[in-house]
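I have placed the structure first, in the form of structure tokens, so that the comments after it can refer back to it.
Keep in mind that this is a model prediction, so the values were computed, not measured.
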Amino acid sequence: VQLQASGGGLVQAGGSLRLSCVASVSTLSSYSMGWFRQAPGKEREFVARISPSGGSTYYADSMKGRLTISRDNAKNTVFLQMSSLKPEDTAVYYCAAGRPPIATMKSYNYWGQGTQVTVSS
């Protein structure tokens, strides 16, 4: 499984971005999909997760209310809509795929290359 993340960029504080992650697999509906981020000098952290069917979603407390994760299994694509962005949201954002159950970051077997999100103040 190969994952290609895109949609990052430079945005002003308070702005929005929509990240996309396209998977090179026809059975994406078998995988839970997650988004993670890593800021310079910090560890990679969880951002959001969506179940294989899309029926369940989970968000990091630090970003809850500002995120919407969704997926289109027919197009092998997962989305992360981010709004009210803050400078502290600046990071490289990664998408990842893993077969349930998902317990920790190690549950994800496949990772994309990351897309840079920079939020200016």
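- A side-chain contact (heavy atoms from CB on, under 4.5 Å) with P100 is found for exactly one of S30, S107, P52, namely P52.
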Verdict with reasoning, V119 to E88, per side-chain contact (heavy atoms from CB on, under 4.5 Å): CA-CA 8 Å; V119 184; E88 51 264 43; over 6 Å; no
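- For the residue pair Y108 and G98, the shortest heavy atom distance occurs at CD2-N, 3.8 Å.
- Residue pairs meeting the side chain to side chain donor-acceptor pair (under 3.5 Å) criterion with at least one member in residues 48-61, sequence neighbours excluded, are D61-K64.
- Nearest approach of A39 to A91, heavy atoms of both residues: N-CB, 3.8 Å.
- Y110 is connected to L28 through a chain of hydrophobic side-chain contacts under 4.5 Å among Ile, Leu, Val, Met, Phe, Trp and Tyr, so both are in one cluster.
- Taking the side chain as every heavy atom from C-beta outward, W111 and L3 never approach each other to under 4.5 Å.
- Looking at heavy atoms from C-beta onward, V1 lies out of side-chain contact with N109 at the 4.5 angstrom threshold.
- F79 carries R18 over the face of its six-membered ring, with the cationic atom under 6.0 Å from the centre and within 45° of the normal.
- E45 CD: more than 12 foreign heavy atoms inside a 6.0 Å radius.
- Contact between L17 and G7 at its shortest, heavy atoms only, is CD2-O, 3.7 Å.
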Evaluation steps, side-chain contact (heavy atoms from CB on, under 4.5 Å), between M33 and C21: CA-CA 9 Å; M33 298 297 295; C21 177; 4.2 Å; yes
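- Interatomic distance, S24 OG to N76 CG, rounded to the nearest 0.5 Å: 8.5 Å.
- Separating the CG atom in L85 from the OG atom in S120 is a distance of 10.5 Å, to the nearest 0.5 Å.
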Residue pair Q113, Q4: steps toward the side-chain contact (heavy atoms from CB on, under 4.5 Å) verdict: CA-CA 7 Å; Q113 86 291 354; Q4 181 73 41; 3.1 Å; yes
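- G114 approaches V92 most closely through the heavy-atom pair CA-CG1, 3.8 Å.
- Here the closest heavy-atom approach between residue A97 and residue Y31 is recorded as CB-CD2, 4.1 Å.
- Atom OG1 of T27 and atom CG of N73 lie 10.0 Å apart (nearest 0.5 Å).
- Side-chain contact between L67 and L80 is present, with heavy atoms from C-beta onward closer than 4.5 Å.
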Worked check of side-chain contact (heavy atoms from CB on, under 4.5 Å) between Q81 and S70: CA-CA 8 Å; Q81 179 70 46; S70 60; over 6 Å; no
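- For S32 (side chain) and R99 (main-chain N/O), no donor-acceptor pair under 3.5 Å exists by modelled atom type.
- No side-chain heavy atom of M82 sits less than 4.5 Å from a side-chain heavy atom of V47.
- Hydrophobic cluster membership for L10: none, as no Ile, Leu, Val, Met, Phe, Trp or Tyr side chain comes under 4.5 Å of it.
- In terms of the side chain to side chain donor-acceptor pair (under 3.5 Å) criterion, residue partners of D89 (sequence neighbours excluded) are, by chain and number, R37, R66.
- Looking at heavy atoms from C-beta onward, T90 lies out of side-chain contact with V117 at the 4.5 angstrom threshold.
- Panel note: side chain T115, backbone G8; a donor-acceptor pair is recorded below 3.5 Å.
- For the pair R44 and F36, the cation-pi criterion (under 6.0 Å, within 45° of the ring axis) is not fulfilled.
- Under a hydrophobic clustering in which Ile, Leu, Val, Met, Phe, Trp and Tyr are joined whenever their side-chain heavy atoms come within less than 4.5 Å, directly or via other members, L19 and V11 fall into the same cluster.
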